[in-house]
Amino acid sequence: MTVTTRQHAGTDGWTDARLLYALEEVVEKELNRHLAVAKDWMPHEYVPWSDGRNFDGPLEGEPWAPEQSKVTDIGRTALVVNLLTEDNLPSYHHEIASLFGRDGAWGTWVHRWTAEEGRHGIVMRDYLLTSRAVDPVQLENFRMAHMSEGFESDNRHSMLHSVAYVSFQELATRISHRNTGHQSGDPVCDRMLARIATDENLHMVFYRNLLQAAFEIAPDLTMQAVRDVVVGFRMPGHGMPGFERAAAQMAIGGIYNLRIHHDDVLQPVLRFLKVLDIDGLGPEGLKAQEELGLFMNGLDGEARKFDERLAARAARKAARANR
């Protein structure tokens, strides 16, 4: 099945300002839909406060030790990555406020999104410290180092690229949170991350629907933006200390890896938007569509190789255990 878009006259002359104006009504519609279905929740209700006690320092409490935590090793690694990602919210707000503006429906969405995302960092940090899931000194040192580096989006040059990016990134974050919860070893942590993941899914739906509207008014430019974002995709926490090692551990641990990225993040959004079936594109849009299809096929092949390596690793581990 092919999807025919309506190519507006003057598509080659689209600017960010014109696109923002053209999509304003869609943003208002999606904002109203979001507010109707989003449920407010209280971060403090998801934190096991009765497990808390003082740490060493001015209050002369008990020093942190790994055995105090109920959380698994892979859960601890992923929780730190997820929280450090959330910590950069001031930079994310600056980025999207600069791109989308602070007025009208766009501005209302920017501030609402920021407020909702703020809950995620609050509840995660309260949980981690109260449950002694992570080393508090190391966590704070990582936070200071990560935030001191600042953050600049790979897609800050283009509103369409930014909308395309967050359509995938919000889903990627949701998947990472859910898988972290499942493998955390603590039902309290799992429940907390499930609540956060619900927000992330609603954010994904907002941006995905906005991206769908962009395809209708500027299909060639939107196709190029999606191609660029998918090919160059990086999670927003890529600059944090030790990210590469943590990402490798999370990949092996089944929290986020190539197979998950291909099957559970990229494919669902591309299928919903029928990106590879869109018809009526100009030369540049058609070229981007073809390159996107080739990249996805290649990524599937890379994911298959990763699956094979992971299976071989598991087999070697099982063989050693049976000796």
Side-chain angles (χ1 to χ4, degrees), residues 27 30-55 59 61 64 68-72 75-97 102 105 107-136 139-140 142-143 146-147 166 169-208 236-237 255:
V27 173
E30 289 302 315
L31 173 61
N32 290 333
R33 180 200 54 77
H34 176 84
L35 294 175
V37 298
K39 295 181 179 179
D40 280 341
W41 54 280
M42 302 296 113
H44 69 271
E45 295 178 349
Y46 289 81
V47 179
W49 299 106
S50 60
D51 292 348
R53 57 194 185 276
N54 293 342
F55 288 99
L59 298 181
W64 181 82
Q68 296 167 356
S69 173
K70 302 175 184 177
V71 173
T72 60
R76 183 180 301 117
T77 296
L79 281 163
V80 170
V81 169
N82 292 351
L83 177 55
L84 291 178
T85 300
E86 299 286 357
D87 277 333
N88 254 338
L89 182 59
S91 290
Y92 306 149
H93 174 84
H94 174 77
E95 292 277 330
I96 66 170
R102 296 173 174 82
T108 302
W109 168 252
V110 165
H111 296 307
R112 174 72 189 197
W113 175 87
T114 302
E116 291 185 4
E117 288 287 343
R119 286 181 178 144
H120 303 168
I122 291 169
V123 71
M124 288 179 67
R125 176 167 281 99
D126 286 347
Y127 166 80
L128 291 177
L129 296 180
T130 300
S131 66
R132 291 182 172 245
V134 300
D135 181 347
L139 181 65
E140 178 60 10
F142 280 165
R143 187 190 72 84
H146 185 38
M147 293 192 69
V166 289
Q169 182 266 322
E170 293 282 6
L171 182 52
T173 304
R174 173 207 166 197
I175 296 295
S176 180
H177 282 313
R178 285 306 286 129
N179 288 342
T180 299
H182 291 329
Q183 300 198 39
S184 67
D186 182 5
V188 174
C189 180
D190 192 20
R191 188 183 308 118
M192 172 195 66
L193 291 176
R195 177 59 261 186
I196 293 174
T198 299
D199 282 359
E200 303 290 10
N201 194 62
L202 290 177
H203 296 163
M204 179 276 293
V205 170
F206 177 95
Y207 288 118
R208 182 199 64 191
I255 288 177

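Predicted model only: the values in this text are computed from it and were never measured.
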Nearest heavy atoms of [X] and [Y], plus distance in Å:
{"X": "M124", "Y": "M192", "result": "CA-SD, 4.0 Å"}
{"X": "V134", "Y": "R76", "result": "CG1-CG, 3.5 Å"}
{"X": "L84", "Y": "L139", "result": "CD2-O, 4.2 Å"}
{"X": "W49", "Y": "H44", "result": "NE1-O, 3.0 Å"}
{"X": "T130", "Y": "P48", "result": "CG2-O, 3.0 Å"}
{"X": "A38", "Y": "E116", "result": "CB-OE2, 4.2 Å"}

Student check: side-chain heavy atoms of [X] and [Y] closer than 4.5 Å:
{"X": "R178", "Y": "D190", "answer": "yes"}
{"X": "V27", "Y": "T108", "answer": "no"}
{"X": "K70", "Y": "D51", "answer": "yes"}
{"X": "V81", "Y": "F142", "answer": "no"}
{"X": "I196", "Y": "W41", "answer": "yes"}
{"X": "E117", "Y": "E170", "answer": "yes"}
{"X": "P43", "Y": "D126", "answer": "no"}
{"X": "V110", "Y": "H93", "answer": "yes"}

Polar contact flag, side-chain donor to acceptor under 3.5 angstrom, [X]-[Y]:
{"X": "D87", "Y": "H146", "answer": "no"}
{"X": "D186", "Y": "Y127", "answer": "yes"}
{"X": "D199", "Y": "H120", "answer": "yes"}

Would T85 and T173 count as a side-chain contact (heavy atoms from CB on, under 4.5 Å) if you check the C-alpha gap in whole Å, the side-chain angles of each, and the deciding distance to 0.1 Å? CA-CA 10 Å; T85 300; T173 304; 5.8 Å; no
Report the C-alpha separation of E86 and R125 in whole Å, then their side-chain angles, then the decisive distance to 0.1 Å, and conclude whether the side-chain contact (heavy atoms from CB on, under 4.5 Å) test is met. CA-CA 10 Å; E86 299 286 357; R125 176 167 281 99; over 6 Å; no
Could you tell me the separation between the [atom1] atom of [X] and the [atom2] atom of [Y], rounded to the nearest 0.5 Å?
{"X": "R191", "Y": "Y46", "atom1": "CZ", "atom2": "OH", "answer": "8.5 Å"}
{"X": "L128", "Y": "C189", "atom1": "CG", "atom2": "SG", "answer": "7.5 Å"}
{"X": "L89", "Y": "H94", "atom1": "CG", "atom2": "NE2", "answer": "13.0 Å"}
{"X": "E200", "Y": "L193", "atom1": "CD", "atom2": "CG", "answer": "10.5 Å"}
{"X": "L35", "Y": "L202", "atom1": "CG", "atom2": "CG", "answer": "10.5 Å"}
{"X": "T72", "Y": "L79", "atom1": "OG1", "atom2": "CG", "answer": "8.0 Å"}

Decide side-chain contact (heavy atoms from CB on, under 4.5 Å) for S176 and N82; before the verdict, give the C-alpha distance in whole Å, the side-chain angles of both, and the deciding distance to 0.1 Å. CA-CA 8 Å; S176 180; N82 292 351; 3.3 Å; yes
Polar side-chain atom of [X] near backbone of [Y] as donor-acceptor pair, under 3.5 Å:
{"X": "R119", "Y": "M42", "value": "no"}
{"X": "W113", "Y": "I96", "value": "no"}
{"X": "N179", "Y": "I255", "value": "yes"}
{"X": "S69", "Y": "S131", "value": "no"}

Please test W109 against F206 for ring-ring contact (aromatic ring centres under 6.0 Å, His included), starting from the C-alpha separation and ending with a verdict. CA-CA 10 Å; W109 168 252; F206 177 95; 3.7 Å; yes
What pairs with E95 under side-chain hydrogen bond (donor to acceptor under 3.5 Å, both in side chains), at least two apart in sequence or on another chain? none
May I ask you to check whether over 12 heavy atoms, not counting those of H34, lie within 6.0 Å of atom NE2? yes
As a quick check of understanding, evaluate side-chain contact (heavy atoms from CB on, under 4.5 Å) for H177 and R195, giving each step before the final call. CA-CA 9 Å; H177 282 313; R195 177 59 261 186; over 6 Å; no
